[in-house]
Amino acid sequence: KSSTKMKFLILIFASISVTRAVIFNCTFDMRTPSPLPSTYTCYTWTLSNINESELLTAVNGNHMSGKSNADVGYLYINSVRSLTFFPKGITNFFSNLVAIQINNCNISTLRGFELDPFNNLRWFWFSYQPQLERIPGSLFANTPLVQRVHFHRNNIKHVGKNLLSSLSQLTYAH
């Protein structure tokens, strides 16, 4: 009887740890985030087990022939209304991102350090976030290669000082 209870408790704890994760369900294809060239893309409109306190723990989907997560240069998250935070741990799976697009979610906060791991980022599109009111001035402090930023259709009320000052290659901001 004690053994059965122990197995039940282990199952509960295992179940809790599995559901406390973020999993990207990707469609992998080639897309062109203008003005960048065609880029291998993880496009997702469904995320599983969304929990802000956890890192991205898995990426599901079928890669194109000869491609892997290391080839993904463009992450496009679209219309995941249950996403209320910027996902953590993305570079554990996609270490070579040059473009990030997050549209039509419910992210309310961007913190100044969230883009720090994306050293090669050239293109950042963060639009249709009805809850977003503030953009920290330090958001691009460690991504000097960014050429284009998009923040349209948000409810922005405050932009931190010097938001774009570190972007010497910036050609477009909306």
Side-chain angles (χ1 to χ4, degrees), residues 11-34 36 38-136 138-140 142-143 146 148-156 174:
L11 180 62
I12 288 174
F13 287 126
S15 173
I16 289 170
S17 68
V18 168
T19 60
R20 293 189 49 141
V22 177
I23 300 170
F24 283 8
N25 299 305
C26 295
T27 298
F28 293 102
D29 60 13
M30 299 301 290
R31 296 189 182 222
T32 306
S34 180
L36 299 177
S38 184
T39 306
Y40 191 53
T41 303
C42 163
Y43 174 75
T44 184
W45 61 96
T46 59
L47 301 180
S48 299
N49 303 326
I50 298 170
N51 183 319
E52 184 172 7
S53 65
E54 297 295 321
L55 296 172
L56 176 64
T57 57
V59 172
N60 297 329
N62 295 318
H63 283 285
M64 295 173 67
S65 179
K67 299 285 188 180
S68 69
N69 286 345
D71 296 306
V72 173
Y74 179 13
L75 174 63
Y76 183 1
I77 301 171
N78 191 33
S79 297
V80 181
R81 303 301 290 165
S82 56
L83 184 61
T84 59
F85 60 93
F86 192 90
K88 298 174 192 86
I90 293 171
T91 55
N92 293 337
F93 293 88
F94 305 130
S95 58
N96 297 309
L97 290 180
V98 294
I100 297 174
Q101 181 171 354
I102 302 177
N103 285 344
N104 200 27
C105 298
N106 273 317
I107 297 175
S108 60
T109 305
L110 280 174
R111 288 165 261 177
F113 58 85
E114 289 174 318
L115 296 182
D116 288 358
F118 305 104
N119 300 334
N120 295 317
L121 193 65
R122 306 265 190 305
W123 194 85
F124 185 69
W125 186 303
F126 200 80
S127 300
Y128 301 97
Q129 309 294 329
Q131 308 301 318
L132 183 65
E133 294 185 354
R134 303 177 68 82
I135 301 173
S138 59
L139 185 64
F140 298 110
N142 294 304
T143 56
V146 170
R148 294 178 73 94
V149 296
H150 299 259
F151 282 108
H152 63 283
R153 302 285 173 122
N154 295 311
N155 194 22
I156 299 168
H174 186 264

**Item:** Nearest heavy-atom neighbours spanning N142 and N119
**Value:** O-OD1, 4.2 Å

**Quiz item: cation-pi between R31 and Y43, 6.0 Å / 45°** = yes

**Request:** Not counting sequence neighbours, which residues clear side chain to side chain donor-acceptor pair (under 3.5 Å) with N60? List them please.
**Result:** N25

**Asked** So which heavy atom on A99 is nearest to which on P33, and how close?
**Response** CB-CG, 4.0 Å

**Asked** Considering all heavy atoms of both residues, which atom of D71 and which atom of K67 are nearest to each other, and what is their separation?
**Response** OD2-CA, 3.2 Å

**Prompt:** For the side chain of W123 and the backbone of S34, is there at least one donor-acceptor N/O pair under 3.5 Å apart?
**Reply:** yes

**Request:** Could you grab the distance from atom CG of L97 to atom CG of L115, nearest 0.5 Å is fine?
**Result:** 10.5 Å

**Message:** Applying ring-ring contact (aromatic ring centres under 6.0 Å, His included), can you list everything that pairs with H152, at least two apart in sequence or on another chain?
**Reply:** W125, Y128, H174

**Complete:** In this structure, CG of L83 is separated from CG of N78 (nearest 0.5 Å) by 11.5 Å

**Request:** Run the ring-centre check on F24 versus F93 and record whether the distance is less than 6.0 Å.
**Result:** no

**Prompt:** Going from SG on C26 to CG on L75, what distance comes out if it is rounded to the nearest 0.5 angstrom?
**Reply:** 7.0 Å

**Message:** What's the separation between atom CD1 in I102 and atom CG in L110, rounded to the nearest 0.5 Å?
**Reply:** 8.0 Å

**Request:** Could you tell me whether a side-chain N or O of R134 sits under 3.5 Å from a main-chain N or O of L132, the two making a donor and an acceptor?
**Result:** no

**Message:** Can you give me the closest heavy-atom contact between D29 and M64, atom names plus distance?
**Reply:** CA-SD, 3.6 Å

**Prompt:** Can you list the steps and then say if F28 with V59 is a side chain to side chain contact (heavy atoms under 4.5 Å, CB included)?
**Reply:** CA-CA 11 Å; F28 293 102; V59 172; 3.8 Å; yes

**Message:** Closer than 3.5 angstrom, by distance alone: can the side chain of Q129 be matched with the main-chain N or O of S127 as a donor-acceptor pair?
**Reply:** yes

**Message:** So which atom in G112 and which in P136 form the shortest heavy-atom distance, rounded to 0.1 Å?
**Reply:** N-CG, 3.5 Å

**Asked** Would I100 and Y76 count as a side chain to side chain contact (heavy atoms under 4.5 Å, CB included) if you check the C-alpha gap in whole Å, the side-chain angles of each, and the deciding distance to 0.1 Å?
**Response** CA-CA 6 Å; I100 297 174; Y76 183 1; over 6 Å; no

